[in-house]
There are 2 protein chains.
Amino acid sequence: METRREQIYSTAGSLFSRRGYAATSVRDIARELDLQGGSLYAHIASKEDVLWAIVADAADRFFAAARPLAASDAPAAARLRGMIHAHIGVVTGQIERATVFLQEWRFLSPPRREAIAARRDEYEGLFRATIAAGIAAGEFAPTDPKLAATLVLSALNGIPGWYRPDGGLSAEAIADHFADTLINGLARRV
Amino acid sequence: METRREQIYSTAGSLFSRRGYAATSVRDIARELDLQGGSLYAHIASKEDVLWAIVADAADRFFAAARPLAASDAPAAARLRGMIHAHIGVVTGQIERATVFLQEWRFLSPPRREAIAARRDEYEGLFRATIAAGIAAGEFAPTDPKLAATLVLSALNGIPGWYRPDGGLSAEAIADHFADTLINGLARRV
DNA sequence: CCTACCGATCGGTAGG
DNA sequence: CCTACCGATCGGTAGG
């Protein structure tokens, strides 16, 4: 029971992720739904509103997946491992929307772009704080938590560039490997 | 003694990196050079040719920086450290062209896009081979070299998303931190 | 390198 | 949701 509007978001997400927002026209979206170009505007107010709906929804999913893990009382390394798995789960499970979130948000108008920039920084803060806690607890070697969080998230956010759902590598296998390598990289030498 | 054509590449690189290829018009480029839109075509054959010139040039720079280090006879960890520094040097030293190379190459026409995909895979192969050599030599823990190379390059290629040349963090400091963390992450536990 | 133009397409709207 | 349209802009070209 998908509403027309949800169909539009889904189709737009697919097209935006493949061709980019700027290179996708509202008529491209309409065509995939067997509608006339102008008919889309019975359901949406503007092309940018569609982008915004996709981006804001994806941001919510990342927070919903990672925040509970960041807030748990497990050791920092275990929390970080869980957050890496959760993040990769969103990226691979919603690959089109995640790609649009990661790559196309810069086409939002300034107020919305700034809102997303703020949310991204807040989200990165979950990783920063977890890494900082791990350093304080002696689990991780002393390092710049901000730079380390950026490294971790950059590695994870590169996944849409090469991941194929039907490839030989499961999201779980990728998450295990990435978590092993990254956490090992942060770990204190014994 | 910059030729007009080089000015066009430089201006286009700046605009493509900021707004994206699809959202930049040839008139945008012309305006920055105080030319009429059509006058650009006295110097270039098409908008796509400009993108191609930038992307192909950036690819050359990455190879020129990393290939000699990959081929040296130093231990694998030292080679990988050098390659990470070299790669980050290109990314931060030519940030606009590097951004266009990393983000906008998908707007190339199919034959050129495939050529760049092949070069990217070849380049990633330098990292794969170095990591595989490190595993064989017992410097690195056994792991999937392909996945590990992808992790490393994803982390490095995220840098244009946040690096600011006038920020408090030098390219060298970033490279040191990233190389430390990534090589530590690959290292064999002792 | 400019003027003036080409056909195509853009996001969006009026009125039904 | 369609038809028919709006003004603006697109990449590119002819002729000078």
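Chain identifiers are assigned alphabetically (A, B, ...) following the order of the sequence lines, protein sequences preceding nucleic acid strands; residue numbering begins at 1 within each chain. Note that the structure is predicted; figures quoted are calculated from it, not measured.
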Measuring only between side-chain heavy atoms, which start at C-beta, is [X] closer than 4.5 Å to [Y]?
X        : Y        : value
B:Leu156 : B:Val152 : yes
B:Leu80  : B:Leu186 : yes
B:Thr24  : B:Leu15  : yes
B:Glu122 : B:Phe63  : yes

Item to complete: Would you check if the distance from the ring center of B:Phe16 to the ring center of B:Phe107 is below 6.0 Å?
Response: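 Not under 6.0 Å, so no.
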Worksheet item: Would you find a donor on one side and an acceptor on the other, under 3.5 Å apart, between the side chain of A:Glu104 and the backbone of A:Tyr21?
Response: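 Yes, because the side chain of A:Glu104 sits within donor-acceptor range (under 3.5 Å) of the backbone of A:Tyr21.
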Worksheet item: Under a cut-off of 3.5 Å for both distances of each Watson-Crick or G-U pair, what dot-bracket string does DNA chain C give, using [ ] for crossing pairs and | for inter-strand pairs?
Response: ||||||||||||||||
Discussion item. On DNA chain D, compare the nucleotides closest to A:Ala42 and A:Gly38; which residue's is nearer the 5' end?
Written reply: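 Final value for this comparison: A:Ala42.
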Worksheet item: side chain to side chain donor-acceptor pair (under 3.5 Å) between B:Arg18 and B:Ser14: does it pass, once the steps are laid out?
Response: CA-CA 6 Å; B:Arg18 273 183 286 147; B:Ser14 175; 3.1 Å; yes
Worksheet item: Do NZ/NE/NH1/NH2 and the carboxylate oxygens of A:Glu48 and A:Arg112 come within less than 4.0 Å?
Response: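 Judged by the 4.0 Å cut-off on N to carboxylate O distance, A:Glu48 and A:Arg112 do form a salt bridge.
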Discussion item. Strictly below 4.0 Å, N to O, side chains only: are A:Arg79 and A:Asp73 in salt-bridge contact?
Written reply: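 A:Asp73 and A:Arg79: not salt-bridged.
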Worksheet item: When you measure from every atom of DNA chain D, which of residues 17-28 of chain B have a heavy atom less than 4.0 Å away?
Response: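 Residues of residues 17-28 of chain B that come under 4.0 Å of DNA chain D are, in numerical order, B:Thr24, B:Ser25, B:Val26, B:Arg27.
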Worksheet item: Near A:Arg5 CZ, under 6.0 Å, is it more than 12 heavy atoms from other residues, nucleotides or ligands?
Response: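 Open: at most 12 neighbouring heavy atoms sit under 6.0 Å from CZ of A:Arg5.
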Practice prompt. Name the nucleic acid region contacted by A:Leu35, choosing base, sugar-phosphate or nothing; use a 4.0 angstrom heavy-atom cut-off, strictly under.
Written response: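 Here A:Leu35 touches the backbone only, sparing every base.
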Discussion item. Of all nucleotides in DNA chain D that come within under 4.0 Å of a heavy atom of chain B, which is furthest toward the 5' end and which toward the 3' end?
Written reply: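 Taking any atom under 4.0 Å from a heavy atom of chain B, the span is D:dC10 to D:dT13.
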